[in-house]
Amino acid sequence: MTAKAIARLERGLADGLGVPVELERPSNPEHGDYATNAALRAAPIRRMPPMEIAEELRAVASALPGVKDAAVAPPGFVNLQLDPAWYGEALAEVLDAGAGYGGGSAAETEKVQVEFVSANPTGPLTVASARNAAYGDSIARLLEFAGHTVEREFYVNDAGAQIDLFRQSVDARRRGEEPPPDGYQGDYVGELAALDGDPVQEMERRIRQTLERFRVHMDLWVHQSEMEEVLDDALARIELYEQDGARWLKTTSWGDDKDRVVVRADGRPTYFAVDVPHMRLKWDRGHERLIYVLGADHHGYIARLKAIAGALGHDPEAVEVLIYQLVHLTEGGEARKVSKRRGDVVFLDELLDEIGVDAARWHLLSRSHDQAMEIDVDLARERTEKNPVYYVQYAHARIAGILRNAEGRPSSPEPLGALAPAERELVKRLAEFPTVVAEATERRGPHALPTYAIRVADDFHRFYHDHRVLESEEEAFRLALCRATAAVIARTLDLMGVEAPERM
RNA sequence: GGCCCCGUAGCUCAGCGGAUAGAGCAGCGGACUUCGAAUCCGCGUGCGGAGGUUCGACUCCUCCCGGGGCCGCCA
């Protein structure tokens, strides 16, 4: 999706040329406000020299409202300079759209489910799960903003060998004994032993609490134990074959490298088996797209999950598995081996105690999900003060201060005369927002948000430094520019689950 | 052996076919009697290597080198 003010120019150019035109912001300011390579792209198709097509395009551009000047540059670029009226149009668009600016980019809205975190309830959430939580929740926020109906699910693995071992560990503590050799050792095991009741339920309650603190709200909690009860019914609906006494799903038909056992020769289902009733539940809830957010160590699941979708008669393409690379912990520059069973981990709650939700979510989202991430435990607090999140929040708070001082005086997106360079840069930055959000959504790459937020803050701070807002001739226009900037910053941060403070 | 991800500035990273590759941090030097200095301004011969596709490649393809992860009738 593109801002309307830009899209209007693109359409005007495209209609004149008969080929699609996309405008982009050149890195060199001498190349104008916007530029297009459409002539270069059209040259092979129309079998004409690019410079000739560019000249045609320049003529069309010159006649468009909002265009002050158009120029051709070799080997065939067309560079546009825009007039104050265009800037007024672009700024009015931001303000008119209000909180919805940049939203609703989905061509067709869907019912989407995002399953994420789904950490085993054998211990508190760790920083490893935190990346999953930050990434998955931001994906969900982006999808909602694009117009989809989104459900967030946490799948609780409350059955199986690890859970048995966990319960045994707590029971041993309750009897005053040491946990089993491979059992769970962390301090929290002792805490749970001091309480009555099922430690798994208590652990789930704590995980829920930590997630809420992290501003992640799950709509649905599904338990593996419940899925086991409807396992036979679900397995009866898919085609399995027998070999070596076991029952297999032909996952290779959907791209897996080998078929998978669903029911063992002794009649016990594998771990994989419960994914069948589990996914059936998701489809039965009416979802049209299923998203799973998994760590890189689970990438082998992609084909299996798609296979289940196919076996259940659904389109495997509607199952999307988002893989993020893992978080490595270091301490004083040395790699730190972690094991939840040994209790040798950094819990999300500890990280939040140290650096707070905003800095944590920002940091976890600021790198591509395809990039492995390192968190230095010792430097976490020190780095906090240098976290760019505060730079961005400061810009928002500064604007809030100006608006407080303005005491409700009128604002207007229409500039009186020519804009200063810093004003033009800021308006163009705000006009980028719909494209940035739409691309972040489509690519499932929320790390574009912090990058963009820094640029907006950057442009605003420069504008602020160069120009006075209140009591200036352009007060009304600059107040409008401030309001629009604050709204865009607030929305960008919200899509990351980060707050936009009025004061700091 | 097969599969997934990554090699870009001293460090952590953006960049998803365009013009002179950008931020943050670290370092050095400047700027407050004015709406918040948690700010602004200046200082940098960097895309792991070799081929290929293209008018144009950090970006796409192949191979090589280096780092991380995964390949169970475990969960």
Side-chain angles (χ1 to χ4, degrees), chain A residues 24 26-28 30-31 35-37 40-41 43-44 49-50 73-77 79 120 122 157 159-165 224 243-248 255-258 260-274 295-303 323-326 328 335 363 366-374 376 379 382-383 385-395 397-406 422 439 442-443 445 447-448 450-452 454-455 457-458 460-472 475 478-479 482 503-504:
Chain A
E24 57 184 29
S27 52
N28 185 339
E30 288 174 19
H31 295 146
T36 181
N37 60 8
L40 287 162
R41 290 178 176 283
F77 293 102
N79 301 326
N120 285 355
T122 52
N157 293 283
Q162 289 302 318
I163 286 290
D164 292 343
L165 186 61
Q224 185 177 334
Q243 188 180 316
D244 305 329
R247 300 175 70 199
W248 302 65
D256 206 354
D257 57 346
K258 62 187 82 163
R260 304 289 164 176
V261 172
V262 177
V263 183
R264 298 179 180 92
D266 62 10
R268 289 155 50 233
T270 62
Y271 174 76
F272 172 58
V274 290
D297 52 339
H298 288 74
H299 94 267
Y301 282 49
I302 299 173
I323 298 293
Y324 63 93
Q325 299 301 308
L326 299 177
H328 303 286
H363 183 77
S366 61
R367 280 150 186 81
S368 161
H369 55 278
D370 278 336
Q371 187 78 238
M373 179 181 285
E374 188 183 287
D376 192 310
L379 293 180
E382 186 189 334
R383 281 189 188 162
E385 296 151 22
K386 294 156 191 160
N387 193 314
V389 71
Y390 299 115
Y391 178 78
V392 174
Q393 289 183 321
Y394 181 59
R398 246 183 171 178
I399 295 171
I402 294 170
L403 296 177
R404 276 194 300 274
N405 293 336
E439 285 186 2
E442 284 160 21
R443 294 176 188 168
H447 68 283
T451 300
Y452 174 74
I454 289 173
R455 291 188 177 140
D458 218 16
F460 174 75
H461 285 310
R462 256 196 288 277
F463 156 74
Y464 175 91
H465 188 263
D466 292 350
H467 306 287
R468 239 196 112 74
V469 176
L470 301 176
E471 280 106 38
S472 69
E475 178 182 291
R478 288 177 181 161
L479 277 174
C482 283
R503 300 174 198 270
M504 290 179 70

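First the proteins, then the strands, lettered A, B, ... as listed; each starts at 1. Side chains are part of it too, since the values below use all heavy atoms of this structure and drop only hydrogens, waters and symmetry mates.
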Ring pair (Phe, Tyr, Trp, His ring centres under 6.0 Å) partners of A:His467, counting only residues at least two apart
A:Phe463
Could you tell me the separation between the CD1 atom of A:Ile454 and the P atom of B:G15, rounded to a whole number of Å?
13 Å
Would you mind reading off the distance between A:Glu439 atom CD and B:G15 atom P, rounded to a whole angstrom?
10 Å
Using a 90° cut-off around 0 for syn, call B:C32 syn or anti.
syn
Sequence neighbours excluded, the answer for salt bridge (charged side-chain N to carboxylate O under 4.0 Å, His left out) partners of A:Arg503 is none
Decide, applying a 5.5 Å centre-distance limit and a 30° plane-angle limit (both strict), whether A:His31 stacks on B:A19.
yes
Looking at A:Asp266 and A:Arg268, is there a salt bridge between them, counting it only when a charged N and a carboxylate O are closer than 4.0 Å?
yes
Partner set under side-chain hydrogen bond (donor to acceptor under 3.5 Å, both in side chains) for A:Arg468, not counting sequence neighbours
none
Go along nucleotides 5-10 of chain B 5' to 3' and tag each nucleotide: B for a protein heavy atom under 4.0 Å from its base, S when only backbone or sugar atoms are that close, - otherwise.
SS----
A:Asn37 has a side chain; which of B:A19, B:G18, B:C41 sits nearest to it?
B:G18
For A:His461, the ring pair (Phe, Tyr, Trp, His ring centres under 6.0 Å) test, sequence neighbours excluded, returns A:Tyr391, A:Tyr394
Name the nucleic acid region contacted by A:Ser27, choosing base, sugar-phosphate or nothing; use a 4.0 angstrom heavy-atom cut-off, strictly under.
nothing
Can you check the distance between B:A21 and B:C58, where both ends of the measurement are the C1' atom (answer in whole Å)?
8 Å
Set of salt bridge (charged side-chain N to carboxylate O under 4.0 Å, His left out) partners for A:Asp164, sequence neighbours left out:
none
Using whole Å, report how far CE of A:Met373 lies from P of B:G68.
18 Å
Who passes ring pair (Phe, Tyr, Trp, His ring centres under 6.0 Å) against A:Tyr301, sequence neighbours left out?
A:His298
Atom OH of A:Tyr452 and atom C1' of B:A23: how far apart are they, to the nearest Å?
16 Å
Who passes salt bridge (charged side-chain N to carboxylate O under 4.0 Å, His left out) against A:Arg455, sequence neighbours left out?
none
Salt bridge between A:Asp244 and A:Arg247, side-chain N to carboxylate O under 4.0 Å?
no
Residue whose closest nucleotide on RNA chain B lies nearer the 5' end, A:Asp466 versus A:Asn79
A:Asn79
Send over the distance from A:Phe77 CZ to B:G17 P, rounded to a whole Å.
14 Å
Using whole Å, what does the distance between atom P of nucleotide B:G56 and atom CG of A:Leu40 come to?
12 Å
Pairwise C1' distance for B:C6 and B:C16, with rounding to whole Å
15 Å
Quick one: what's the B/S/- string for nucleotides 70-75 of chain B, heavy-atom cutoff under 4.0 Å, read 5' to 3'?
BSSBSB
A:Thr270 (side chain) donor-acceptor with A:Val261 (main chain) under 3.5 angstrom
yes
Can you tell me, in whole Å, how much space there is between the C1' of B:C60 and that of B:U54?
10 Å
The side-chain hydrogen bond (donor to acceptor under 3.5 Å, both in side chains) partners of A:Arg41 (sequence neighbours excluded) come to A:Asn37
Would you say that A:His31 contacts A:Phe77 through its side chain, given a criterion of any heavy-atom pair below 4.5 Å between the two side chains?
no
Specify the closest pair of heavy atoms between A:Arg264 and A:Pro269, including all atoms of both residues, with the distance to one decimal.
NH1-O, 2.7 Å
Taking a pair as Watson-Crick (N1 to N3 plus N6-O4 or O6-N4) or G-U wobble (N1-O2 and O6-N3), both under 3.5 Å, which stems of 3 or more consecutive pairs involve RNA chain B?
B:1-7 with B:65-71, B:10-13 with B:22-25, B:27-31 with B:39-43, B:48-52 with B:60-64
Interatomic distance at C1', B:G72 relative to B:G56, whole Å:
49 Å
Pairwise C1' distance, B:A14 and B:A23 [rounded to whole Å]:
7 Å
Looking across every strand, which nucleic acid part, if any, lies under 4.0 Å from A:Asp164 by heavy atom: base, sugar-phosphate, or nothing?
nothing
Indicate, with a heavy-atom threshold strictly under 4.0 Å, whether A:Ile323 touches base, sugar-phosphate, or nothing.
nothing
Restricting to non-hydrogen atoms, name the atom on A:Leu40 and the atom on A:Pro75 that form the minimum distance, rounded to 0.1 Å.
CD2-O, 3.7 Å
Mind listing the closest non-hydrogen atom pair of A:Gln224 and A:Asn157 along with its distance?
OE1-OD1, 3.1 Å
Are A:Val469 and A:Asn405 side-chain neighbours, meaning at least one heavy-atom pair lies under 4.5 Å?
no
Between B:G42 and B:C5, how far apart are the P atoms? Round to whole Å, please.
39 Å
Using whole Å, what does the distance between atom C1' of nucleotide B:U12 and atom CG of A:Asn387 come to?
12 Å
In whole Å, measure the gap between the C1' atoms of B:C13 and B:C73 for me.
43 Å
Heavy-atom contacts, protein to nucleotides 27-38 of chain B, under 4.0 Å, summarised as B (base), S (sugar-phosphate only) or - (none) per nt, yield -------BBBSB
Looking only at atom C1', what distance separates B:A31 and B:G48, rounded to whole Å?
41 Å
